[in-house]
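Inspection log for the structure reproduced underneath, given as structure tokens.
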Amino acid sequence: LGQQDVSSWLAPPVRTWQGVSGAGRLDWRFGESTLFAVRAGGAAWSEDNPQVGSEPVNGAGAHLKAQDISGAAALTTGSDSWTSETRLGVHVSKRDWSGAALPFTELTGDAVAIGGAVTLPGSFRETAADVSETVTFALGAHSVTAGGALLHRQVRYDWLPGSAGRFLF
């Protein structure tokens, strides 16, 4: 450690959180038989010294930057004899975790741990898009509904627990 000041790893950390979130909607009726609806929402935040699960270290020096965005749209149309509803959705989620400069270090005889969490750093990305269609036909006193859905999901985790090192004494 040389000239490294280790007091921040031994003291209770000051956790900070800063973020913003929001949502919106739009409904538009085209005449008597067609409705278009859109929903969107998102959140972005960052944390300094976040709590990192059940790690024995205090989280000092770690950082989290996160973002979630989602949206959906639906188009409903029809007549007295049939109804069609088409839905589209998208979702993007990102998490970037950085660790402390000092790797996880544990003095097992004294049950003391300092440094970064052994599970950091890591980068996590997930995107998804889906579409669905449902059609209903009225047949006298009965109705028949048929539909289907398709989801495409992509996940990328750039993470290797313990990649920053782990020292036990």
Side-chain angles (χ1 to χ4, degrees), residues 8 12-55 57-101 104 116-164:
S8 66
V14 175
R15 301 192 195 289
T16 60
W17 183 95
Q18 178 177 320
V20 63
S21 63
R25 67 180 280 170
L26 170 69
D27 294 334
W28 187 3
R29 184 170 294 280
F30 297 84
E32 294 180 19
S33 61
T34 305
L35 173 66
F36 180 65
V38 178
R39 308 285 186 266
W45 69 95
S46 64
E47 296 181 53
D48 288 321
N49 306 320
Q51 186 68 42
V52 184
S54 61
E55 294 276 352
V57 294
N58 66 9
H63 181 74
L64 168 64
K65 184 177 180 183
Q67 180 182 39
D68 289 317
I69 299 172
S70 61
L75 177 65
T76 305
T77 189
S79 67
D80 291 338
S81 61
W82 64 277
T83 303
S84 169
E85 182 171 78
T86 305
R87 295 179 179 212
L88 303 169
V90 295
H91 174 80
V92 177
S93 181
K94 299 177 185 179
R95 302 285 184 277
D96 288 313
W97 290 85
S98 61
F104 178 86
V118 74
T119 55
L120 297 179
S123 178
F124 306 89
R125 306 273 188 275
E126 184 174 337
T127 58
D130 63 273
V131 61
S132 65
E133 171 66 28
T134 304
V135 179
T136 302
F137 295 98
L139 303 170
H142 303 278
S143 66
V144 175
T145 301
L150 177 66
L151 170 68
H152 173 72
R153 183 173 176 228
Q154 185 175 359
V155 176
R156 179 173 181 238
Y157 290 175
D158 185 7
W159 175 57
L160 179 61
S163 65

Can you see which heavy atom on G99 is nearest to which on P121, and at what distance? N-CB, 4.1 Å
Look up atom CG in L35 and atom CH2 in W28, then write down how far apart they are to the nearest 0.5 Å. 11.5 Å
Can you tell which of T34, T77, T134 makes a side-chain contact (heavy atoms from CB on, under 4.5 Å) with S84? T77
No-hydrogen, no-angle side-chain donor-acceptor test under 3.5 Å, T127 and R125: no
Kindly indicate, with the supporting measurements, whether the criterion side-chain contact (heavy atoms from CB on, under 4.5 Å) is fulfilled by D68 and W45. CA-CA 9 Å; D68 289 317; W45 69 95; 3.6 Å; yes
Evaluation steps, side-chain contact (heavy atoms from CB on, under 4.5 Å), between V144 and W82: CA-CA 9 Å; V144 175; W82 64 277; over 6 Å; no
side-chain contact (heavy atoms from CB on, under 4.5 Å) with T76: of R29, R87, E85, only one passes, and it is E85
Quick one: does any side-chain atom of R15 pair with a main-chain N or O of N49 as donor and acceptor, under 3.5 Å? yes
With a 3.5 Å distance limit and no angle check, can you tell me whether H63 reaches the backbone of E47 through a side-chain donor-acceptor pair? yes
Can you establish whether the number of heavy atoms outside D80 located under 6.0 Å from its atom CG is more than 12? no
By side chain to side chain donor-acceptor pair (under 3.5 Å) - contacts of Q67 (at least two apart): none
How far does CG of D96 sit from OG of S46, to the nearest 0.5 angstrom? 11.5 Å
Heavy atoms only: give me the nearest P50-A62 pair and the separation to one decimal. CD-O, 3.4 Å
Anything under 3.5 Å between a donor and an acceptor, one on a side chain of residues 151-158, the other on a protein residue two or more places apart or in another chain? List them.
{"residue": "R153", "atom": "NE", "partner": "E126", "partner atom": "OE2", "Å": "2.8"}
{"residue": "R153", "atom": "NH2", "partner": "E126", "partner atom": "OE1", "Å": "3.4"}
{"residue": "R153", "atom": "NH2", "partner": "E126", "partner atom": "OE2", "Å": "3.0"}

Provide the closest heavy-atom pair for V38 versus D27 in the form atom of the first, atom of the second, distance. N-OD1, 4.5 Å
d(L88 CG, E133 CD) to nearest 0.5 Å is 10.0 Å
Does W159 have any ring-ring contact (aromatic ring centres under 6.0 Å, His included) partners at least two apart in sequence or in another chain, and if so, which? F124
